[in-house]
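Everything below concerns the one structure shown next.
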Amino acid sequence: MQNKRSIITRFAPSPTGYLHIGGARTALFSLLFARRHGGQFKLRIEDTDRARSTDDAVAAILDGLHWLGLDWDGDVVSQFARAERHREVVDALIARGAAFRCWCTPDEVETLRQAAFDQGRALRSPWRDRDPSQGPDAPYVVRFKAPERDVAIMDGVQGEVRWAAKEFDDLVLLRSDGAPTYNLAVVVDDHDMGVTHVIRGDDHLVNGGRQTQIYDALGWTVPHFAHIPLIHGPDGKKLSKRHGALGVEAYRDMGYLPEGLRNYLLRLGWSHGDKELFTDAEMIAAFDLAGLNKSPARLDFDKMASVNAFHMKRAGSARLTDLLWARLETRPGLRLDETGRAWVRASMDVLKERAATLAELEDQVYFMLRLRPVAAAGQTAGALDADALARLSRLRTALAGHDDWSEAALAGALKAFAGAEGVGFGKIGQPLRAAITGGAPAPDMSFVLAVLGRDEVLARLDDVI
RNA sequence: GGGCCCUUCGUCUAUCGGUUAGGACGCUAGGUUUUCAACCUAGAAAGAGGGGUUCGAUUCCCCUAGGGCCUGCCA
């Protein structure tokens with residue numbers, strides 16, 4: 001770890017779908033580790049398999065990273081675009097006897113593979129020791145000549161992991177159409193990009209061994225590996241790109257803030273004593289590989305909401321108003337004019353304390369934006385009996401003549417009115433709430449009256465009296 | 001079939017041989033109360049099983065069970 005080179009990490013998704021939650025966490029860890037050490041975080045798209053890569057998927061991944069605030073350094077590297085360089089390295093490998101041409105047909109490979117499988121060992125091609133000049137005039141693949149030497153990696157999470165030489169096969173480096181394969185391309189690209197630390201899902205742990213063989217054959221320095229356990233669904237079932245995991249935009253739509261999701265993801269598989277809540281600066285200051293966990297973690301939406309609530313409270317009210325308004329704009333039956341927006345903005349300092357997500361915030365602003373006349377529903381509807389209506393009528397008169405419309409003054413006025421009526425505050429508060437909010441969730445009534453303003457309050461009272 | 005990885009409250013986790021096994025979310029009870037929340041207080045809740053090593057194991061080793069990954073001309 002005492003590397004003099006500045007640290008470079010990378011996130012290398014394959015563009016076959018959206019940026020799922022597991023990939024997002026991998027990217028987050030990689031970015032944090034780089035930032036922590038003043039290094040760089042790079043992005044490479046692993047699009048060597050043209051049949052499975054799409055531009056839409058690339059765009060979705062970039063969008064997802066942007067939204068989550070995981071911005072990379074430098075240009076996005078396309079693995080496919082580097083195919084020439086990959087072939088060049090393969091030529092070098094062949095030249096030094098570390099790779100060879102293999103003319104086995106798919107059927108022959110299948111037979112050999114089955115035989116190797118039955119013996120409990122990995123595939124070895126008969127061409128690894130054959131004279132290439134004997135090769136037929138037919139398509140061939142280039143295979144890596146798996147070394148007869150045991151392999152070990154020092155993983156940042158898993159510790160030392162070893163494999164016997166027979167566990168690794170003569171893997172294909174170049175397909176019969178000349179296209180490079182994943183394990184070769186990863187090694188070449190990581191090397192060329194100067195990647196010092198590879199943080200990725202532990203589904204790649206064995207690839208760490210294979211790739212180490214290739215690094216060694218090339219005489220290149222093997223990067224530090226850190227294979228992190230995968231994320232599972234709430235049911236404990238695997239969650240991965242191959243099983244339709246949700247993209248990060250789904251979490252955005254559920255109303256999570258990017259910083260909230262970042263914080264939740266950070267604590268999923270990584271810990272720092274008992275500390276749960278992190279600002280971005282704290283994350284960067286605290287992140288280390290030692291805190292990574294070895295076992296898979298399940299997603300817990302309650303916890304995610306709770307963590308997000310912390311960030312909702314910290315978020316600027318103007319920003320929250322913008323985010324909320326964008327969500328509201330498509331909803332019918334709401335007062336979405338400038339006045340409505342001003343009410344929302346004016347009450348945001350208070351309302352953001354009461355909502356864990358933007359979706360909950362939508363419920364919190366409903367009492368203001370709902371259209372008149374507001375129909376009382378639920379428990380509060382029962383509060384509007386004849387006595388209460390008569391009292392509200394007198395309250396209306398009192399409020400109409402009340403000049404100071406500040407929250408504090410209104411609180412005093414309501415209390416004074418209750419005193420004058422000779423009743424407890426409950427006799428005033430409940431019917432007033434029913435009339436003004438219709439029973440929708442809302443803060444303290446004096447606050448509500450202050451935000452809505454005299455005209456709206458009197459109008460809503462008139463609607464029920 | 002072979003190899004590798006993992007296993008503390010329901011969930012995320014702390015512990016780096018000696019603790020009443022701690023915290024957080026959720027849950028339960030109580031408080032506050034003008035709705036819903038928020039908030040405050042209290043409580044229930046865990047070392048997969050079996051062997052070792054040791055004065056002493058959640059912690060170190062082995063076995064078993066369970067889960068996962070790889071074993072592709074996918075990444």
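Remember, predicted model here, so these are calculated numbers, not experimental data. So that the names make sense, note that chain A is the first sequence line, chain B the second, and so on, each numbered from 1.
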How far, in whole Å, is [M] from [N] if one measures between their [atom1] atoms?
N      : M      : atom1 : answer
G68(B) : C62(B) : P     : 23 Å
U7(B)  : U59(B) : C1'   : 14 Å
C55(B) : G26(B) : P     : 46 Å
U28(B) : U64(B) : P     : 43 Å
A14(B) : U53(B) : C1'   : 26 Å
G49(B) : U58(B) : C1'   : 14 Å
G22(B) : G43(B) : P     : 12 Å
C6(B)  : U13(B) : C1'   : 16 Å

State which residues pass ring-ring contact (aromatic ring centres under 6.0 Å, His included) with [X]; sequence neighbours excluded, sorted by chain then number.
X         : result
Phe287(A) : Phe29(A), Trp270(A)
His227(A) : Phe225(A)
His311(A) : none
Tyr366(A) : none

Expected string for nucleotides 5-12 of chain B under the B/S/- scheme (protein heavy atoms, under 4.0 Å, primed atoms plus P, OP1, OP2 as sugar-phosphate) is SSS--BBB

Whole-Å distance between [N] [atom2] and [X] [atom1]?
X         : N      : atom1 : atom2 : result
Tyr182(A) : A75(B) : OH    : C1'   : 6 Å
Arg121(A) : G1(B)  : CZ    : P     : 19 Å
Asn207(A) : A75(B) : CG    : P     : 10 Å
Leu289(A) : C16(B) : CG    : P     : 21 Å
Ile61(A)  : A75(B) : CD1   : C1'   : 11 Å
Phe80(A)  : C74(B) : CZ    : P     : 14 Å
His272(A) : C16(B) : NE2   : P     : 15 Å
Asn183(A) : C70(B) : CG    : P     : 12 Å

Residues 293-302 of chain A side chain polar contacts: donor-acceptor under 3.5 Å, at least two apart:
{"from": "Arg298(A)", "atom 1": "NH1", "to": "Pro234(A)", "atom 2": "O", "distance (Å)": "3.4"}
{"from": "Asp300(A)", "atom 1": "OD1", "to": "Asp302(A)", "atom 2": "N", "distance (Å)": "3.0"}
{"from": "Asp300(A)", "atom 1": "OD1", "to": "Lys303(A)", "atom 2": "N", "distance (Å)": "3.3"}

Using distance alone, with no hydrogens and no angle criterion, decide if Glu259(A) and Asn263(A) have a side-chain donor and acceptor under 3.5 Å apart.
-> no

Under 4.0 angstrom, heavy atoms only, what part of the nucleic acid is [X] near: base, sugar-phosphate, or nothing?
X         : answer
Val141(A) : base
Ala51(A)  : nothing
Lys166(A) : sugar-phosphate

Is there a side-chain polar atom (N or O) of [X] under 4.0 Å from OP1 or OP2 of [N]?
X         : N      : result
Ser271(A) : A14(B) : yes
Arg175(A) : A75(B) : yes
Thr16(A)  : A75(B) : no

Is the shortest side-chain N to carboxylate O distance from Glu362(A) to Arg327(A) below 4.0 Å?
-> yes

Hey, is Glu456(A) close enough to Arg335(A) for a salt bridge, meaning N to O under 4.0 Å?
-> yes

Would you indicate which nucleotide in U71(B), G26(B), U13(B) comes nearest to any side-chain atom of Phe117(A)?
-> U71(B)

Ranking G2(B), G22(B), C74(B) by distance to the side chain of Asp274(A), first place goes to G22(B)

Across every strand shown, the nucleotide meeting Watson-Crick or G-U wobble geometry with U54(B) (both distances under 3.5 Å) is none

Checking N1-N3 plus N6-O4 or O6-N4 for Watson-Crick, or N1-O2 and O6-N3 for wobble, each under 3.5 Å, the partner of C36(B) is none

With Arg372(A), which residues qualify under salt bridge (Lys or Arg N to Asp or Glu O under 4.0 Å), at least two apart?
-> Asp463(A)

Who passes salt bridge (Lys or Arg N to Asp or Glu O under 4.0 Å) against Lys145(A), sequence neighbours left out?
-> Asp129(A)

Do any pairs count as a salt bridge (charged side-chain N to carboxylate O under 4.0 Å, His left out) and have a residue in residues 172-191 of chain A, sequence neighbours left out, and if so which ones?
-> Arg10(A)-Asp190(A), Arg44(A)-Asp189(A), Arg44(A)-Asp190(A), Arg82(A)-Asp189(A)

Scan nucleotides 37-43 of chain B against the protein and return all N/O pairs shorter than 3.5 Å with their distances rounded to 0.1 Å.
{"from": "A37(B)", "atom 1": "O2'", "to": "Arg354(A)", "atom 2": "O", "distance (Å)": "3.0"}
{"from": "A37(B)", "atom 1": "N3", "to": "Arg354(A)", "atom 2": "NH1", "distance (Å)": "3.1"}

Tabulate below the donor-acceptor pairs under 3.5 Å that side-chain atoms of residues 146-154 of chain A make, not counting sequence neighbours, or state none.
{"from": "Glu148(A)", "atom 1": "OE1", "to": "Arg124(A)", "atom 2": "NH1", "distance (Å)": "3.4"}
{"from": "Glu148(A)", "atom 1": "OE2", "to": "Arg124(A)", "atom 2": "NH1", "distance (Å)": "2.7"}
{"from": "Asp150(A)", "atom 1": "OD1", "to": "Ala165(A)", "atom 2": "N", "distance (Å)": "3.0"}

Return yes if some donor-acceptor pair links the side-chain N/O of Thr437(A) with the main-chain N/O of Gly439(A) below 3.5 Å, else return no.
-> yes

Is a donor on one side and an acceptor on the other found under 3.5 Å between the side chain of Thr181(A) and the backbone of Val172(A)?
-> yes

Report yes if a donor N or O on one partner sits less than 3.5 Å from an acceptor N or O on the other, where the partners are the side chain of Thr181(A) and the base of C73(B); otherwise report no.
-> no

Look for any protein N or O under 3.5 Å of an N or O in nucleotides 47-49 of chain B and output each such pair with its distance, or none.
none

